[in-house]
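A quick write-up on the structure given underneath.
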Amino acid sequence: MMGLYCGFDVQAMLNFMSENDTKIELECIGFRKWRLYGLSDKHGEFDNEGTLFSVVMQAFQPFLQEAKADRERFHQKFNSILE
């Protein structure tokens with residue numbers, strides 16, 4: 001079962017953050033326990049531990065509105081090509 005947060009899966013969230021973050025590190029620190037560290041010029045520092053989905057989702061929250069806007073722009077361009 002794959003988790004989604006506002007329509008974004010873990011890979012999409014990590015991809016978006018990696019494109020917009022100065023630094024991002026994801027590390028497995030135990031059985032089903034992960035550490036995600038992010039340093040963003042725009043959103044500051046993030047460091048949290050927990051399940052993979054929870055740490056990625058929490059780190060992604062500051063990027064959510066921008067990611068939604070990017071996704072909407074993409075859909076508009078894609079739809080205009082198909083017309």
Side-chain angles (χ1 to χ4, degrees):
M1 178 184 223
M2 179 175 46
L4 292 176
Y5 174 63
C6 297
F8 296 90
D9 64 13
V10 169
Q11 181 177 350
M13 290 186 277
L14 287 170
N15 286 343
F16 189 84
M17 288 187 294
S18 70
E19 293 169 3
N20 292 281
D21 257 6
T22 306
K23 180 178 186 178
I24 190 165
E25 296 176 357
L26 180 62
E27 173 184 18
C28 181
I29 57 174
F31 181 69
R32 296 185 183 171
K33 189 168 183 181
W34 295 82
R35 176 181 175 266
L36 190 141
Y37 173 81
L39 180 60
S40 166
D41 293 336
K42 188 174 184 179
H43 299 291
E45 187 174 42
F46 176 85
D47 190 5
N48 202 0
E49 297 177 1
T51 65
L52 177 61
F53 186 78
S54 68
V55 295
V56 173
M57 181 190 73
Q58 291 171 20
F60 184 68
Q61 287 175 348
F63 297 91
L64 181 59
Q65 295 308 315
E66 186 179 351
K68 283 182 175 180
D70 280 3
R71 182 173 56 187
E72 181 60 31
R73 283 190 293 274
F74 172 79
H75 285 301
Q76 288 174 356
K77 286 181 182 178
F78 185 74
N79 288 337
S80 69
I81 292 170
L82 293 178
E83 293 175 349

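Counting heavy atoms from C-beta on, the side chains of Val56 and Tyr5 never come closer than 4.5 Å. Using a 4.5 Å heavy-atom cutoff, the side chains of Asn48 and Leu36 are not in contact. A heavy-atom distance below 4.5 Å is not found between the side chains of Arg32 and Thr51.
The shortest non-hydrogen separation linking Gly50 to Ser54 is C-OG, 4.0 Å. The shortest heavy-atom contact between Trp34 and Leu52 is CD1-N, 3.4 Å.
To the nearest 0.5 angstrom, Asp41 atom CG is 13.0 Å from Lys23 atom NZ. With rounding to the nearest 0.5 Å, the separation of CG in Asp70 from NZ in Lys68 is 13.0 Å. We find the CG-CZ distance between Leu64 and Phe16 to be 9.0 Å, quoted to the nearest 0.5 Å. The distance from the CE atom of Met57 to the CG atom of Leu4 is 12.0 Å, given to the nearest 0.5 Å. Separation of atoms CZ (Phe46) and CD (Gln58) is listed at 5.0 Å; rounding is to 0.5 Å. His43 NE2 to Gln61 CD: the interatomic distance, rounded to the nearest 0.5 Å, is 11.5 Å.
In this structure, Phe60 has its ring center closer than 6.0 angstrom to the ring center of Phe8.
Remark: of the listed residues Glu49, Glu45, Glu25, Glu45 is the sole one forming a side-chain hydrogen bond (donor to acceptor under 3.5 Å, both in side chains) with Tyr37.
Atom CD of Gln76 sits in a crowded spot, with more than 12 heavy atoms from other residues, nucleotides or ligands closer than 6.0 Å.
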